[in-house]
Protein chains: 2
Amino acid sequence: MNDFTSRVADAKIPDATVRRFSLYLRYLEDFERSGINSVASGVLAERGGTTAAQVRKDLSFLGSFGKRGLGYSVRELTGVLRDVLGLDSVWRVALLGAGRIGTALFRYEPFRARGFHITTVIDNDPGKVGTRLGGVMIRGEHELECALTEDRTDLVIVAVPAPVAQALVDRVVAAGIRAVLNYAPAQLRLPDDVALRNVSMTVELESLSHALTRVRRCR
Amino acid sequence: MNDFTSRVADAKIPDATVRRFSLYLRYLEDFERSGINSVASGVLAERGGTTAAQVRKDLSFLGSFGKRGLGYSVRELTGVLRDVLGLDSVWRVALLGAGRIGTALFRYEPFRARGFHITTVIDNDPGKVGTRLGGVMIRGEHELECALTEDRTDLVIVAVPAPVAQALVDRVVAAGIRAVLNYAPAQLRLPDDVALRNVSMTVELESLSHALTRVRRCR
DNA sequence: TTCCACTTGTGAACGATTTCACAAGCAGGG
DNA sequence: CCCTGCTTGTGAAATCGTTCACAAGTGGAA
């Protein structure tokens with residue numbers, strides 16, 4: 001925990017705002033590397049494709065620590081955002097499914113850089129169990145509960161085929177996990193106190209193809 | 001184009017609704033495989049984690065073809081959704097970047113199943129250019145415009161490192177592409193008439209870690 | 001000290017999306 | 001035919017998110 005913890009207002013922050021925090025943080029880190037000390041809302045807005053008012057409103061959820069006339073301290077804002085996004089601790093992640101998607105996710109560098117360490121990999125293919133992915137031993141599905149406990153897993157990434165996903169996730173939840181990132185093309189049903197985010201490859205593509213279809217028709 | 005084209009009201013449909021259409025379609029295809037002929041809004045809602053009213057409101061954007069007392073014809077609704085999502089034509093897709101993410105996307109079966117055919121792959125690694133990914137020859141970055149035209153590309157998937165993304169996309173847009181799916185951790189700036197969807201691996205993870213942090217603090 | 005240019009923080013207006021509530025339509029049974 | 005149970009379609013209300021507009025704070029220059 002850093003110096004800014006105490007200032008962080010912890011009222012419920014809209015989901016859309018939290019997602020933009022991730023983006024702001026990304027830009028701020030760029031600025032920090034460039035040696036820039038302060039940014040105005042307008043600058044962040046331009047970088048992030050929103051408006052200055054939006055940026056200020058978003059940041060106002062965290063309290064008020066901008067300087068009027070000057071903008072925000074890059075260092076301070078970076079700290080606050082990292083704190084509110086929970087990026088100051090290391091999160092222990094279990095990856096379910098070591099197929100193509102799973103493997104690509106495992107190897108995705110930015111995860112580790114942000115403190116998400118994949119410490120557990122589960123797959124039910126007997127040919128894979130016992131082999132290593134990166135430095136991590138792939139364990140069989142039957143070891144799931146065991147592995148989650150032993151490795152003190154904080155959150156789980158689901159990258160298994162859709163038909164298997166729900167059953168597996170039920171076990172994950174029963175094992176006490178409270179956050180799931182789902183890449184399987186299935187709508188998972190979870191208790192309300194478990195945080196769930198779905199990433200669907202096809203939903204985005206289909207929304208694009210809808211947009212293209214509309215354009216086409218109008219001409 | 002299928003029988004239902006004429007019925008599709010083409011007023012502007014909210015983005016959130018279009019995204020749900022993708023989900024509904026997925027479930028409907030399940031139902032169709034199971035030999036179910038009609039579904040009520042409540043059933044779709046339960047499957048998709050929303051409410052019956054939401055489903056009905058969404059579908060009302062497409063006109064009204066449910067049967068009161070009965071629900072919707074699975075076959076008819078499937079047709080309408082496929083049509084409005086533009087899934088009745090084949091879309092020719094170019095993949096920029098044949099790294100880990102790019103490769104995983106290329107190999108992702110559901111894309112092809114939905115009519116998204118990756119016909120072009122571009123990478124700037126000289127070691128990769130000239131080799132094949134699946135059946136597709138990887139071409140150099142300098143051939144970009146050329147490739148897009150020759151292959152009659154409809155939409156582009158960006159899976160290159162963030163620093164390169166903007167420059168590449170500018171060229172893509174100049175070449176007349178009107179839809180971009182961006183996997184690079186960069187906020188792309190495009191003209192308004194180009195449809196853009198961002199998929200960010202880290203944004204979702206960070207929103208989860210924010211959720212976890214909140215839970216922790218409350219106890 | 002005063003003025004000026006700049007920027008934040010925020011209530012209020014606005015717009016979009018979701019939920020509610022209910023009239024109207026359909027099928028099946030008696 | 002009428003009644004009952006079920007489900008759609010949709011205005012109206014409620015909720016949620018974004019944009020506007022401006023008072024108030026800041027640093028620097030004169």
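Everything quoted here is computed from the prediction, not taken from an experiment.
The shortest side-chain heavy-atom distance between L87(B) and F116(B) falls under the 4.5 Å cut-off.
A donor-acceptor contact closer than 3.5 angstrom is absent between the side chains of T119(A) and D151(A).
Nucleic acid contact for T50(B): none, since no nucleic acid atom lies under 4.0 Å from a heavy atom of the residue. Within the 4.0 angstrom heavy-atom criterion, no nucleotide atom of any strand lies near T17(B).
Taking atom CG of residue D58(B) and atom C1' of nucleotide dT19(C), one finds them 12 Å apart after rounding to whole Å. As a whole-Å value, the separation of D15(A) CG from dT18(C) P is 13 Å. Counting to the nearest Å, the P atom of dG17(D) and the CZ atom of F21(A) are 13 Å from each other. The OH atom of Y72(B) sits 18 Å away from the P atom of dC6(D) (whole-angstrom rounding). With rounding to whole Å, R19(B) atom CZ is found 14 Å from dT17(C) atom C1'. As rounded to whole Å, 12 Å separates atom P of dT8(D) from atom OH of Y24(B). Here the P atom of nucleotide dT8(D) and the CZ atom of F61(B) are 17 Å apart, to the nearest Å. One interatomic measurement links the two molecules: CD of E76(B) to C1' of dT8(D), which rounds to 13 Å at whole-angstrom precision.
Under 4.0 Å is where a charged nitrogen must lie from a carboxylate oxygen, and between R82(B) and E206(A) no such pair does. Salt-bridge check for R197(A) with D15(A): passed, with a basic side-chain N closer than 4.0 Å to an acidic carboxylate O.
Listed pair S41(B) / dT7(D) fails the phosphate criterion, with no side-chain N or O lying under 4.0 Å from OP1 or OP2. OP1 and OP2 of dT17(C) both lie 4.0 Å or more from every side-chain N or O belonging to Q54(B).
The backbone N or O of V90(A) lies less than 3.5 Å from no partner atom in the side chain of R114(A), so there is not a single donor-acceptor pair.
With rounding to the nearest 0.5 Å, the separation of CG in L81(A) from OH in Y24(A) is 9.5 Å.
For R47(A) and F31(A), the positive end sits near the middle of the six-membered ring, less than 6.0 Å away and at most 45° from its axis.
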Scoring nucleotides 20-30 of chain D by protein non-hydrogen atoms under 4.0 Å (B base, S sugar-phosphate only, - none) yields BB-BBBSS---

